[in-house]
Amino acid sequence: MTAETAHAGAGDRLPPAIFALDAVTLARRLIGATLAVDGVGGRIVETEAYRRDDAASHSFRGKTPRNRAMFGPVGHAYVYRSYGIHWCLNVVCDAGEPGSAVLIRALEPLFGLDHMVQRRGLADPRRLCAGPGRLAQALGLDLSHDGLDLSRLPFRLTEGDGAPVPMPILVGARIGISKAAEQPWRFGLAGSRHLSRPFAKGEIASSGSETV
DNA sequence: GAATTGATGCGCT
DNA sequence: GCGCATCAATTCA
């Protein structure tokens, strides 16, 4: 294959309009996109949607000091501490009412592998960024990134390299929550070996090739 | 491979 | 105090 394999949007910044989508739509749309922090990152292979009217969302009970970024500009980061130990990264979005976000749960590591291994203390490529806490640690994220614009450095959030997501997108119940756990708002790249946990059989949502 | 448990900060009831 | 949008080590198989 030669130049024809290059997708027109490969490497381009994501259109800002997609951050005005509702969290569920954006969560699916981000599968296959590329995320990097200071040049360290990879392909997004797993996401979860959290909506304002969603009992599992931090924004459900309104704005607080911790979750204020969820009510700020769309396309910015919401970073919070989880279980007192880990950091987790969300992409703030909005479908007409503030307080929605997409949790980035797993990456396929592609850039800056040596940095990731050093920060994680483990070299196993399948566990390098497979989970929101692991991902944040590998990319060096912490509270200093909370509220930052994802379209500006040190972030880089772009269309995936190569073709639009060639594999089907999987959908299933979100992980690690007790409220609204029945909502099928977790999305993953089929066939990826870098998911935080496998999806159940039959959890195929779509080809993922449709445009937004 | 699957289940269990401890570590740990902080927002909330 | 309680409950987490978690992880790694440990235990069992």
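Letters A, B, ... mirror the listed sequences (proteins, then strands); counts begin at 1.
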Base, sugar-phosphate or nothing for [X]? Non-hydrogen atoms, less than 4.0 Å.
X      : answer
A:R197 : nothing
A:R61  : sugar-phosphate
A:R105 : sugar-phosphate

Rounded distance (Å) that lies between atom [atom2] of [N] and atom [atom1] of [X]:
X      : N     : atom1 : atom2 : value
A:R127 : C:dA8 : CZ    : C1'   : 8 Å
A:R126 : C:dA8 : CZ    : C1'   : 17 Å
A:E46  : C:dT6 : CD    : P     : 10 Å
A:L195 : C:dC7 : CG    : P     : 13 Å
A:L122 : C:dA9 : CG    : C1'   : 11 Å
A:D124 : C:dC7 : CG    : C1'   : 14 Å

Would you indicate, yes or no, if B:dC12 has its OP1 or OP2 atom less than 4.0 angstrom from a side-chain nitrogen or oxygen of A:T64?
yes

Respond yes when some side-chain nitrogen or oxygen of A:H58 is under 4.0 Å from OP1 or OP2 of B:dG11, and no when none is.
no

At a heavy-atom distance below 4.0 Å, what parts of residues 129-146 of chain A sit against DNA chain C?
A:G131, A:P132, A:G133, A:R134

Kindly compute the distance separating [atom1] ([X]) from [atom2] ([Y]), expressed to the nearest 0.5 Å.
X      : Y      : atom1 : atom2 : value
A:S100 : A:F71  : OG    : CZ    : 9.0 Å
A:R197 : A:L195 : CZ    : CG    : 11.5 Å
A:L103 : A:Y50  : CG    : OH    : 5.5 Å
A:L139 : A:R119 : CG    : CZ    : 7.0 Å
A:D94  : A:M70  : CG    : CE    : 10.5 Å

So do A:W87 and A:L143 actually touch side chain to side chain, heavy atoms under 4.5 Å?
yes

The single option from A:R28, A:R186, A:R174 passing salt bridge (Lys or Arg N to Asp or Glu O under 4.0 Å) against A:E46
A:R186

Mind checking salt bridge (charged side-chain N to carboxylate O under 4.0 Å, His left out) for A:R51 and listing every partner two or more places apart, or none if nothing turns up?
A:D53

Do the numbers put A:R156 on top of the ring of A:F111, so that NZ or CZ is under 6.0 Å from the six-membered ring centre and no more than 45° off the axis?
yes

Going by atom types only, do A:R120 and A:Q137 share a side-chain donor-acceptor pair under 3.5 Å?
yes

Comparing A:E48 with A:R120, nearest DNA chain C nucleotide closer to 5' gives the residue A:E48

Verify, without hydrogens or angle tests, whether A:S59 (side chain) and A:G99 (backbone) share a donor-acceptor contact under 3.5 angstrom.
yes

Check: A:H145 side chain, A:D142 main-chain N or O, donor-acceptor pair, under 3.5 Å:
yes

For DNA chain B, list all stems, counting runs of three or more consecutive pairs where every pair is Watson-Crick or G-U wobble with both distances under 3.5 Å.
B:1-7 with C:6-12, B:9-12 with C:1-4

Test side-chain contact (heavy atoms from CB on, under 4.5 Å), reference A:Y80, set A:N90, A:N67, A:D146, output is A:N90

Does A:H58 have any side chain to side chain donor-acceptor pair (under 3.5 Å) partners at least two apart in sequence or in another chain, and if so, which?
A:Y78

Let's see if you get this right: which residues in residues 67-92 of chain A place a heavy atom under 4.0 Å from DNA chain B?
A:R81, A:Y83, A:G84, A:I85

Expected rows: protein N/O vs nucleotides 10-12 of chain C N/O, under 3.5 Å:
none

